[in-house]
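Written below as structure tokens is the structure these notes are about.
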Amino acid sequence: MATRRIMSIGVVMQAQWPSRVFAIELDKSGAFLHFALREKAQCTATAPPPPPPETFTHDQRCYSLFVCGGGGGDHRVQSARFHWALRERLRSELPAECELLPVSSYLPRVQGSLIKGYFLKDASECPLRTERVLSDLSRSEEAGGVVVCSYHHQRGGDGSQCVSQQVMMWPLAENQHVDISKQTSCYVVPSEALDYHPSALNVANSDVFYSLEEATKVLEECGDIIPESRAVLQLLGQRAPSRHSPGFPVVVIEGLDATGKTTLTQSLREALGASLLRSPPQCLSPWRPCFDREPPLLRRAFYAVGNYITAQQMGQEASRAPVIVDRYWHSTAAYAIATAASGPVSSLPPEGSDLYRWPSDLLQPSLVVLLTLDPRERQRRLEDRGEVQTKEEQELDLDRLFRLRVEEAYGRIRGPACVTVDAGPSADKVLQRVLHLIREHCRL
Ligand SMILES: Nc1ncnc2c1ncn2[C@@H]1O[C@H](COP(=O)(O)OP(=O)(O)O)[C@@H](O)[C@H]1O
Ligand SMILES: Nc1ccn([C@H]2C[C@H](O)[C@@H](COP(=O)(O)OP(=O)(O)O)O2)c(=O)n1
């Protein structure tokens with residue numbers, strides 16, 4: 001297994017290294033540094049590389065680590081889990097003076113080309129400790145696919161300062177003859193930035209799944225590692241997913257935590273004599289904490305499958321009475337897209353992007369209502385409720401930008417789009433407003 005993974009990163013990196021762009025994420029506000037590599041042979045005295053970006057400072061040693069992953073490769077589950085665990089491992093093993101930043105390597109405009117890694121700035125007194133950690137990492141069996149590079153200040157052909165990248169560790173399987181001589185030492189040059197976060201290149205089928213088949217594939221792939229995924233697939237059963245809602249309307253209520261979804265959905269059930277469902281469905285509750293601890297690939301596949309189970313229930317219930325649903329596909333896609341990106345709303349995939357489309361095989365509700373709330377009022381309601389928040393919801397409070405990205409992503413999803421309702425007025429006024437919308441949009 002390790003050999004195949006090493007081959008894949010060797011081949012991918014060797015073939016594409018000179019065309020790849022590396023984006024170092026400087027902080028959560030969305031500041032990025034994009035750079036490319038240029039072979040030294042191409043850099044003559046008349047065309048020296050541009051001056052080094054400020055990130056590569058003289059007083060800190062810099063390294064990058066790239067983990068083979070993403071895409072639809074054979075080992076994407078192992079790679080995703082390895083990359084996920086690597087951050088904690090590096091944090092605990094590296095000297096405290098090491099700063100760890102996410103870095104993405106990608107081919108501009110090529111879907112699925114993203115390889116994730118970490119950029120390391122070491123300000124400690126002793127470089128040996130850091131290098132020992134990196135060397136141990138590259139030797140460990142599970143880390144067969146890690147490429148480690150270091151960065152050095154040099155004088156360019158015309159005497160100007162420049163930064164070069166050197167491959168420190170490129171673990172190749174025995175009998176592999178990958179020529180890395182051209183890549184062992186390159187100049188680092190600034191590169192054009194993307195208009196959006198590079199994660200958008202790998203959102204499809206890594207963060208958001210556009211068919212049941214793609215989502216179940218992930219759970220099938222991790223059956224040996226996470227037995228819970230087999231139980232989830234069993235619940236999905238053999239029945240084909242419902243595509244059309246028969247008879248009565250199906251109304252989905254969406255919104256951030258504490259916007260009033262539970263309050264409203266219960267009132268709607270009473271007012272309309274409706275069935276009340278939620279996604280993920282109750283039957284998945286025992287396994288939710290397990291998948292919430294996993295990397296996005298697995299966590300999002302779990303929630304995606306949850307929507308299809310809820311869709312089966314919707315199909316059954318809507319033949320008897322109106323159906324109200326607490327969260328559905330909008331939540332799954334909006335949280336996934338907003339988490340994959342960082343920084344301001346402008347870092348999201350652009351409006352109209354195919355990433356906001358509805359999966360063609362997932363039952364479409366008759367109406368989706370998005371509850372919005374002033375952030376201070378939402379905070380007040382959260383505090384009043386005094387409940388433990390999920391990790392992601394805690395992050396919502398810490399990260400204003402994240403909340404803005406989730407809300408914007410909600411609004412960009414199409415097929416059906418959501419109708420926004422201000423959840424600030426009293427619970428009864430919100431109920432009356434939504435009942436009015438239901439009468440307007442659905443045949444009751
Ligand atoms: N329209 C409203 N006005 C004032 N408080 C509300 C309103 N709707 C809900 N609440 C209160 O806000 C808190 C969060 O509501 P809840 O329905 O649990 O939200 P969610 O299900 O979206 O997390 C609860 O304490 C609830 O009683
Ligand atoms: N259909 C769904 C429902 C929730 N999710 C994810 C999105 C977020 O990570 C969490 C939010 O769920 P949470 O339990 O915090 O929300 P509520 O308490 O139900 O309002 O779950 C999802 O991906 N798909």
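Whatever order the structure lists them in is the order used to number ligands and atoms, beginning at 1. No hydrogens, no waters, no symmetry mates; every other heavy atom, side chains included, goes into these values. Here the structure is a predicted model, which means the values were calculated and not measured.
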Problem - Polar atom proximity, D326 to ligand 1 (N or O, under 3.5 Å) - result: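 Between D326 and ligand 1 (N or O atoms, distance only) the closest approach is not under 3.5 Å.
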Practice task
State whether the shortest distance between N or O atoms of A427 and N or O atoms of ligand 1 falls below 3.5 angstrom.
Solution key: yes
Practice task
Please tell me if the side chains of R299 and Y335 come closer than 4.5 Å, counting only heavy atoms from C-beta onward.
Solution key: no
Numbered atoms and elements of ligand 2 in range of [X], under 4.0 angstrom, heavy atoms:
X	answer
Y335	7 (C), 8 (C), 9 (O)
S279	1 (N), 2 (C), 3 (C)
T332	1 (N), 2 (C), 22 (C), 23 (O), 24 (N)
N307	1 (N)

Problem - Min heavy-atom dist S426 to ligand 1 below 4.0 Å - result: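 Right, S426 reaches ligand 1.
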Exercise for the section: Work out whether the distance between some heavy atom of D384 and some atom of ligand 1 is less than 4.0 Å. Expected result: no
Practice task
State, without any angle test, whether S211 and D361 hold a side-chain donor-acceptor pair at a distance under 3.5 Å.
Solution key: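 Absent: no donor and acceptor within the cut-off.
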Exercise for the section: Answer yes if the side chains of Q312 and Q316 hold a donor-acceptor pair under 3.5 Å, and no otherwise. Expected result: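 Result is no, nothing qualifies.
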Handout entry: Option with minimal heavy-atom separation from atom 12 (O) of ligand 2, where the choices are R278, R288, K261
Key = R288
Practice task
Could you tell me how the ring of H330 sits relative to the ring of Y410: parallel (under 30°), tilted (30 to 60°) or perpendicular (over 60°)?
Solution key: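 Geometry flag for Y410 against H330: parallel rings.
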Practice task
Fit a plane to each ring of F119 and F56, take the angle between them on a 0 to 90° scale, and name the class: parallel (under 30°), tilted (30 to 60°) or perpendicular (over 60°).
Solution key: perpendicular
Looking at [X] and [Y], does any basic side-chain N land under 4.0 Å from a carboxylate oxygen?
X	Y	answer
R230	D224	yes
E88	R91	yes
E377	R381	yes
R132	D136	no

Fill in the blank from the handout: In ligand 1, the atoms that come under 4.0 Å of a heavy atom of A423 are 1 (N)
Fill in the blank from the handout: Here the atoms of ligand 1 under 4.0 Å from any heavy atom belonging to A258 are 14 (C), 19 (O), 20 (P), 22 (O), 23 (O)
Exercise for the section: Give a yes/no verdict on whether any heavy atom in G306 is under 4.0 Å from an atom of ligand 2. Expected result: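 G306: no contact with ligand 2 (<4.0 Å).
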Practice task
Work out whether the distance between some heavy atom of R385 and some atom of ligand 2 is less than 4.0 Å.
Solution key: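 For ligand 2, residue contact (heavy atoms, under 4.0 Å) with R385 is absent.
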Just to confirm my output: which protein heavy-atom neighbour is closest to [atom], and how far is it?
atom	result
atom 26 (C) of ligand 1	T263 OG1, 3.7 Å
atom 19 (O) of ligand 1	G260 N, 3.1 Å
atom 13 (C) of ligand 1	R381 CB, 4.0 Å
atom 21 (O) of ligand 1	T262 OG1, 2.5 Å
atom 1 (N) of ligand 1	P425 O, 2.9 Å

Practice task
Flag the pair F22 / F66 as yes when their ring centroid distance falls below 6.0 Å, and as no otherwise.
Solution key: yes
Exercise for the section: Mind running side-chain contact (heavy atoms from CB on, under 4.5 Å) on T130 and S124 for me, showing each step along the way? Expected result: CA-CA 9 Å; T130 302; S124 66; 4.2 Å; yes
Handout entry: Nitrogen or oxygen of D257 less than 3.5 angstrom from that of ligand 2
Key =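 By distance alone, the answer is yes.
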Handout entry: Name of the residue among D207, N205, T332, T339 meeting side-chain hydrogen bond (donor to acceptor under 3.5 Å, both in side chains) with R300
Key = T339
Handout entry: Location of contacts on Y328 toward ligand 2, heavy atoms closer than 4.0 Å
Key = backbone
Practice task
Verify side-chain contact (heavy atoms from CB on, under 4.5 Å) between L272 and L435, making sure each step is shown before the conclusion.
Solution key: CA-CA 9 Å; L272 298 172; L435 282 172; 3.7 Å; yes
Practice task
Mind checking whether R385 contacts ligand 1 via backbone (N, CA, C, O), side chain (CB onward), both or neither, at a 4.0 Å heavy-atom cut-off?
Solution key: side chain
